[in-house]
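Notes to accompany the following structure.
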Amino acid sequence: MIVSWNSTNACNLFCAHCYRDAHLKAADELSTAQAKNLLNQIARAGFKIMIFSGGEPLMRPDILELIDHAASLNLIAVLGSNGTLLTPQLACDLKSAGAKAIGISLDSIDAHKHDIFRACKGAWEAAVNGMRYCRDAALPFQIHTTVMDWNQHELEALTDFAVDIGAKAHHFFFLVPTGRAKSIEQESLRAAAYQNVLTRIMQKQLQVPIELKPTCAPQFLKIADQLGVKTRFKRGCLAGLSYCIISPTGKVQPCAYLNMELGDVRETPFDEIWRSNKILQRLRTLDYSGNCGSCKYKKKCGGCRARAAFYNGGDFMAGEPRCNFC
């Protein structure tokens with residue numbers, strides 16, 4: 001079970017696709033004490049993997065203390081970062097605090113394209129340097145790439161780069177139009193392109209020693225089956241089943257891209273929200289409509305619930321519009 005906490009809304013970049021619309025710190029973010037209490041509740045709910053994300057989690061001054069607390073609860077503490085704030089010392093400090101891995105964003109082999117997407121000159125170089133610092137500190141890292149129409153042809157080259165630099169995995173994030181990403185929806189892939197790209201990723205998996213994982217494209221599991229690709233992943237969309245996300249101010253939602261407030265951890269303990277929320281209970285029925293409801297892969301794939309909601313007037317149990325399998 002995996003939970004992601006947007007530990008702060010502060011970010012040193014202004015990325016075009018940011019689902020949190022991050023940049024400035026939110027006015028009422030969880031304090032250190034409140035964050036530790038949240039971590040206690042997450043552990044009590046039975047979660048195993050604790051993702052510290054943002055914004056940019058490295059902008060939170062108590063991040064090392066919180067990672068240390070998560071580790072003391074036997075949570076597997078990992079981070080999702082743009083990588084630009086990493087230094088050799090910080091990479092060592094993260095490992096010492098108990099961080100098990102860090103995901104670093106890289107969206108193009110071309111530094112200029114990456115910097116434009118991330119709205120910061122020098123972001124590519126800083127992110128790549130951050131990877132090297134993690135490698136030198138023996139802190140495992142993986143590369144995260146947001147898949148767009150303008151970089152889809154680079155994905156195999158990015159995987160080769162990930163292998164060469166020492167990444168443990170390369171994860172591909174398929175755009176969901178929420179937050180700032182609504183303004184670039186037209187740059188996202190359509191159904192035929194999704195299938196083509198997912199097929200290429202799974203074919204590439206057969207050629208490289210590191211893990212390749214599409215996110216927000218749960219149809220990859222059907223393609224993996226067809227190509228005989230062995231993967232440790234047993235379910236595509238995890239929203240509300242074994243995953244959820246918490247905002248910087250303690251609001252719980254089913255996933256990063258399904259912007260539905262389920263409760264506030266300041267008012268209701270997280271483990272109670274996770275156990276009894278009606279929206280989460282409905283997601284767990286798998287009672288989908290449309291193409292997802294009739295698909296034989298609904299238990300393994302499930303379609304992207306956030307994309308279903310966006311393109312179907314908020315109906316998060318509707319069919320997946322970027323799938324042409326059913």
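Just so you know, these numbers come straight off a predicted model, no measurement behind them.
Judged purely by atom type and a 3.5 angstrom limit, His114 uses its side chain to pair as donor or acceptor with the backbone of Asp107. A donor-acceptor distance shorter than 3.5 angstrom exists from the side chain of Gln253 to the backbone of Cys255, with no hydrogens or angles considered. Side chain of Arg305 to backbone of Ala318: a donor-acceptor contact under 3.5 angstrom is found. In this structure, the side chain of Arg266 does not engage the main chain of Gly250 through any donor-acceptor pair within 3.5 Å. A distance-only check finds a donor-acceptor pair linking the side chain of Asp115 to the backbone of Ala123 [under 3.5 Å]. No donor-acceptor pair under 3.5 Å is formed between the side chain of Glu29 and the backbone N or O of Thr8. Of the possible polar contacts, one joining the Arg60 side chain to the Ser7 backbone as a donor-acceptor pair under 3.5 Å is found. Although no hydrogens or angles enter the test, the distance criterion places a donor-acceptor pair under 3.5 Å between the side chain of Glu154 and the main chain of Ile109. A distance-only check finds a donor-acceptor pair linking the side chain of Asn312 to the backbone of Ala308 [under 3.5 Å]. With hydrogens and angles ignored, the 3.5 Å screen pairs a side-chain donor or acceptor of Asn9 with a backbone N or O of Leu24.
Side-chain atoms of Thr215 and His171 form no donor-acceptor pair, as typed in the model, at a separation below 3.5 Å. Side-chain contact check for Thr32 and Asp62: at least one donor-acceptor pair (N or O, by modelled atom type) lies under 3.5 Å. Asp110 and Ser108 share no side-chain donor-acceptor pair at under 3.5 Å. Donor-acceptor pairing under 3.5 Å is recorded for the side chains of Asn40 and His69. At a cut-off of 3.5 Å, with distance as the only test, a side-chain donor of Glu56 or Ser81 sits close to an acceptor on the other residue. Between the side chains of Gln281 and Asn277, no donor-acceptor pair is found at a separation under 3.5 Å. A donor-acceptor contact closer than 3.5 angstrom links the side chains of Thr159 and His170. Side-chain contact annotation: Asn151 with Thr145, donor-acceptor N/O pair under 3.5 Å absent. Remark: the Asn6 side chain and the Tyr19 side chain contain an N/O donor-acceptor pair separated by less than 3.5 Å. Between the side chains of Glu185 and Tyr311, at least one donor N or O lies within less than 3.5 Å of an accepting N or O.
Between Phe161 and Trp124, the angle of the ring planes lies from 30° to 60°, which puts this pair in the tilted group.
Trp5 does not carry Arg20 over the face of its six-membered ring by the limits of under 6.0 Å from the centre and within 45° of the normal. Geometrically, Lys213 engages Phe233 in a cation-pi contact, judged by NZ or CZ lying under 6.0 Å from the ring centre and within 45° of the ring axis. Cation-pi geometry between Arg180 and Phe14 is met: under 6.0 angstrom from the ring centre, within 45 degrees of the axis.
Side-chain heavy atoms closer than 4.5 Å link hydrophobic residues (I, L, V, M, F, W, Y) into clusters, and following such links, even through other members, never connects Ile67 to Ile76. Residues Ile184 and Phe173 do not share a hydrophobic cluster, clusters being chains of Ile/Leu/Val/Met/Phe/Trp/Tyr side chains in contact below 4.5 Å. Side-chain heavy atoms closer than 4.5 Å link hydrophobic residues (I, L, V, M, F, W, Y) into clusters, and following such links, even through other members, never connects Leu286 to Tyr243. Residues Tyr257 and Val147 fall into different hydrophobic clusters, defined by Ile, Leu, Val, Met, Phe, Trp and Tyr side chains chained together at heavy-atom separations under 4.5 Å. Linking Ile, Leu, Val, Met, Phe, Trp and Tyr whenever their side-chain heavy atoms come within less than 4.5 Å puts Leu94 and Ile104 in one cluster.
Between Asp287 and Lys298 no salt bridge is recorded (no basic side-chain N to carboxylate O distance below 4.0 Å). The pair Lys168-Glu211 does not count as a salt bridge, with every side-chain nitrogen at least 4.0 angstrom from each carboxylate oxygen.
Side chains of Ser242 and Ile2 form no contact here, defined as non-hydrogen atoms less than 4.5 Å apart. When side chains are defined from C-beta on, Leu262 counts as touching Leu280, because their heavy atoms get closer than 4.5 Å. Taking 4.5 Å as the limit, every side-chain heavy atom of Leu75 sits out of range of all side-chain heavy atoms of Lys48. In this structure, Val252 and Phe270 have side chains that are in contact, with non-hydrogen atoms separated by less than 4.5 Å. Taking the side chain as every heavy atom from C-beta outward, Met50 and Val78 never approach each other to under 4.5 Å. Looking only at side-chain heavy atoms (C-beta outward), Asp160 and Lys204 come within less than 4.5 Å of each other. In this structure, Leu198 and Gln195 have side chains that are not in contact, with every pair of non-hydrogen atoms separated by 4.5 Å or more. For the pair Met131/Ile143, a side-chain contact is recorded, criterion being any heavy-atom separation below 4.5 Å from C-beta on.
Other residues, nucleotides and ligands contribute at most 12 non-hydrogen atoms within 6.0 Å of the NZ atom of Lys25. In Glu125, the CD atom is not crowded: 12 or fewer heavy atoms of neighbouring residues, nucleotides or ligands sit closer than 6.0 Å. Summarising the local packing, NE2 of His153 is surrounded by more than 12 heavy atoms from other residues, nucleotides or ligands at distances under 6.0 Å. Counting non-hydrogen atoms of neighbouring residues, nucleotides and ligands closer than 6.0 angstrom, the NZ atom of Lys100 reaches no more than 12 such neighbours.
The two residues Tyr297 and Asp225 make their nearest non-hydrogen contact at OH-OD2, 3.2 Å. Considering every non-hydrogen atom in both Ala306 and Val176, the closest pair reads CB-CG1, 3.9 Å. Shown here for Leu175 and Ala181, the closest heavy-atom pair between the two residues is CD1-CB, 3.7 Å.
From Gln219, atom CD reaches atom SG of Cys292 across 7.5 Å, with rounding to the nearest 0.5 Å. Here the straight-line distance linking atom NZ of Lys95 with atom CG of Leu139 works out to 6.5 Å at 0.5 Å rounding. Residue Asp93 holds its CG atom at 12.5 Å from CD1 of Ile63, rounded to the nearest 0.5 Å. Remark: Asp149 CG to Leu189 CG distance equals 6.5 Å, nearest 0.5 Å. Of the inter-residue distances, the one linking Trp274 atom CH2 with Ile42 atom CD1 reads 11.0 Å to the nearest 0.5 angstrom. Atom OG1 in Thr249 sits 7.0 Å away from atom CG in Asp28 (nearest 0.5 Å).
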Legend entry - side-chain hydrogen bond (donor to acceptor under 3.5 Å, both in side chains) evaluation trace for His144 with Ser105: CA-CA 4 Å; His144 292 169; Ser105 299; 5.0 Å; no
Legend entry - Candidate pair Ser188 and Arg190, rule side-chain hydrogen bond (donor to acceptor under 3.5 Å, both in side chains), full reasoning: CA-CA 7 Å; Ser188 65; Arg190 272 36 187 179; 2.9 Å; yes
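Two rings, from Phe316 and Tyr288, have their centers 6.0 Å or more apart.
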